[in-house]
Amino acid sequence: MKQRIPLLVFLAVLALGPQLLPEFYITLLNYIGLYSIVALGLVLLTGVGGLTSFGQAAFVGLGAYATGYLTTAHELSPWLGLLAGLGVTAAVALVLGFLTLRLSGHYLPLGTIAWGISLYFLFGNLEFLGGHTGLTGIPVLEFFGLKLSTGREFYYLIWVVLLGAVLATQNLLDSREGRAIRALKGGGLMAESMGVDTARTKTIIFLIAALFACVSGWLYAHLQRFVNPTPFGLHIGIEYLFMAVVGGAAHVWGALVGAGVLTILKQWLQDILPKIFGQSGNFEVIFFGIMLILVLQRARDGLWPWLVRLVPVKAKQQRTVAETEPLPCRQMPAAGTVLLEVKDARKQFGGLVANDNMSLTVKAGEVMALIGPNGAGKSTMFNCISGVDTLTSGEIRFLGERTETLVSREMARRGMGRTFQHVRLLPTMSVLENVAIGAHLRGAKGVLSSSLHLERAEEARLLSEARRQLERVGLGEHLFDEAGSLPLGQQRILEIARALCVDPCLLLLDEPAAGLRYLEKQALAELLRKLRAQGMGILLVEHDMDFVMGLADRVVVMEFGEKISEGLPEEVQKDPIVLEAYLGGVE
Ligand code: ADP
Ligand code: MG
């Protein structure tokens, strides 16, 4: 209860606002509310998802013009105006997202700039939208016979919409889909390997951000009761981004802080700067530019985390994971079943042949080690098997099915769990949540039920599974620690727990012992023996000979992209070709 006091005080002040404040402040708060709705979308898109959009003002414009046009020229209901705006916005966002989100990082910002500029000019040049003068005579909103004709009356609608959006966004982020969204920032590779469709996830957050902007535009049009192109230009799009960044791009409440600070500051600067400079002009833009640079230099995470530190009550951390019925597991193949079969694999990078004539098998209930000197082509083989890269030629079969053309997400779905040579986790998220990403494909609830928190039963089962896997690997004590605070050895173990959450029958581990101390290596070997005894097939890519030799059932040795030896550990250890290649001919 105690940690809710700041929120309750804030809500009480908000609720009493219209009773106490003069008109000017009501107007200011209305605008802060409208801007916050847009900035909230950017928190999700940019702050959490790592995708930058300069074009949100254009989506606001779509929402405003859709309702403006339909309610004036066709005298339709504002509610139809809202629906039409949402429909058009969704269509544009999907097309824009489809064109740019699959490409690398810079295409989305560039695409949104182009979109922001062109829509602004389109609004200004279309005759039926009133050109640069815009549309007037937009009707007031009516709620159950209650006309919202003044700012004071409109106030509650804006803030209820905003707080609803904040709550929905918070709920969404605290869910299976939310973990997928938060995993985007760690680069798509890890998320995809855990079964997350990153292109879809990016499209979803782009769509949500656009729809939030559209709703803000709809409210704006009926509050202002006229629209023209000015508030929907690119420079306003940049201001929205400012708000999200200044407020604290990764925090939902940061949207409100950013919108509040910038709106008030702008108001104040527009009063004071022309007096200082002795002439009128948009001097506040210069000020905002400097402010943004300072925030990026001094307070990367914006003002919100700094504000939170000022408040004496600490937010309560979730400290328990409910006991639930376990998630269904796949039927493990019988020990000795061939899980993975690679035949005549060849991988070329331009003229460089990284893998050639490679063949190997991994069976259920065995540890197969792939070893070889640096640059031998082990990671390349590993990437082709796990669907991160595709072979130039050759075959890969997983559980009897040809898989050489499948992407990593599909390999996860089929029962392949993997870890990374360079640990890939989300350092500020808890150990538990990091591991729960691995269980992504074992849940099904989508964005809508997550936003409304109707998926709590499934979520509890996913978290409970994550805990079970963490206990299985011996990290049960660290469920709520920040993942980034663990020592490297435990981070590697965390990755194994995450891979186990995929419910795999084959585990691919790329240099799991790298950087571990002696005792940590022994603990890791013990864990892998335990998993093997439970019927897991393990493909181990390793550098550390001693580690491999004490653990592996069979060993394949690579050099220059090819297999030079294969057999039991004691056999390959004595193989003169291996000694020559691997140990440089040491006697
Ligand atoms: P290992 O994991 O055994 O150390 P790698 O599979 O990483 O070896 O590399 C094998 C060879 O392929 C190296 O010569 C490396 O430079 C090259 N290589 C690996 N990945 C790429 C890539 N994406 N593009 C070009 N060359 C690559
Ligand atoms: Mg490697």
Side-chain angles (χ1 to χ4, degrees), residues 103-105 187-190 192-193 340 342-362 367-396 403-408 411 416-425 488-489 491-492 495-496 499 506-516 521 524 528 538-549 551-552 554-567 569 572-573 575 577-585:
L103 305 169
S104 66
L189 181 59
M190 183 275 281
E192 284 277 335
S193 297
L340 179 76
V342 178
K343 243 164 89 184
D344 302 328
R346 181 182 171 88
K347 177 67 187 175
Q348 248 174 294
F349 295 109
L352 185 126
V353 182
N355 282 166
D356 200 14
N357 274 323
M358 275 302 297
S359 297
L360 58 87
T361 57
V362 185
V367 175
M368 220 297 280
L370 185 61
I371 65 170
N374 253 330
K378 307 180 296 291
S379 289
T380 303
M381 186 78 265
F382 191 97
N383 285 337
C384 290
I385 292 171
S386 57
V388 169
D389 221 331
T390 39
L391 287 180
T392 311
S393 67
E395 289 176 16
I396 299 174
T403 59
E404 65 266 11
T405 55
L406 297 181
V407 294
S408 57
M411 300 312 294
M416 194 182 273
R418 67 163 295 181
T419 65
F420 295 88
Q421 183 174 349
H422 305 286
V423 174
R424 285 174 193 263
L425 36 77
L488 179 66
Q491 293 190 3
R492 288 195 180 281
E495 286 215 334
I496 295 178
L506 177 65
L507 207 51
L508 303 187
L509 308 175
D510 196 354
E511 305 214 7
L516 297 202
K521 279 184 192 172
L524 175 64
L528 297 184
I538 297 172
L539 174 63
L540 184 67
V541 169
E542 239 327 317
H543 203 72
D544 184 331
M545 273 282 218
D546 293 337
F547 180 75
V548 165
M549 292 307 168
L551 178 68
R554 289 186 304 124
V555 180
V556 166
V557 189
M558 289 182 78
E559 193 190 19
F560 303 126
E562 296 194 50
K563 181 159 75 179
I564 55 166
S565 180
E566 178 171 14
V572 295
Q573 246 173 331
D575 188 337
I577 305 173
V578 174
L579 290 176
E580 175 65 32
Y582 205 85
L583 304 171

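Numbering of ligands and ligand atoms starts at 1, following listing order.
- Under a 3.5 Å cut-off, the side chain of E542 and the backbone N or O of A369 do not form any donor-acceptor pair.
- Applying the side chain to side chain contact (heavy atoms under 4.5 Å, CB included) test to D356 and every residue at least two apart in sequence or in another chain returns R346, V353, E562.
- Here the side chain of Q421 pairs no donor or acceptor atom with the backbone of E511 at under 3.5 angstrom.
- Between the side chain of K563 and the main chain of S359, a donor-acceptor pair closer than 3.5 Å is present.
- Residues satisfying the side-chain hydrogen bond (donor to acceptor under 3.5 Å, both in side chains) criterion with E495, sequence neighbours excluded, are R498.
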Result block: side-chain N/O donor-acceptor pairs under 3.5 angstrom for residues 385-394, not counting sequence neighbours:
| from | atom 1 | to | atom 2 | distance (Å) |
| --- | --- | --- | --- | --- |
| S386 | OG | F382 | O | 2.9 |
| S386 | OG | N383 | O | 3.3 |
| S386 | OG | R418 | NH1 | 3.3 |
| D389 | OD1 | K347 | NZ | 3.2 |
| T392 | OG1 | Q348 | N | 2.8 |

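- The nearest N, O or S atom of N374 is not closer to the Mg ion (ligand 2) than 2.8 Å.
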Check ligand 1 for N or O atoms under 3.5 Å from a protein N or O and list each pair with its distance.
| from | atom 1 | to | atom 2 | distance (Å) |
| --- | --- | --- | --- | --- |
| ligand 1 | 2 (O) | S379 | N | 2.9 |
| ligand 1 | 2 (O) | S379 | OG | 2.9 |
| ligand 1 | 3 (O) | A376 | N | 3.2 |
| ligand 1 | 3 (O) | G377 | N | 2.9 |
| ligand 1 | 3 (O) | K378 | N | 2.8 |
| ligand 1 | 3 (O) | K378 | NZ | 2.9 |
| ligand 1 | 4 (O) | G375 | N | 2.7 |
| ligand 1 | 6 (O) | S379 | N | 3.4 |
| ligand 1 | 6 (O) | T380 | N | 2.9 |
| ligand 1 | 6 (O) | T380 | OG1 | 2.6 |
| ligand 1 | 8 (O) | G377 | N | 3.2 |

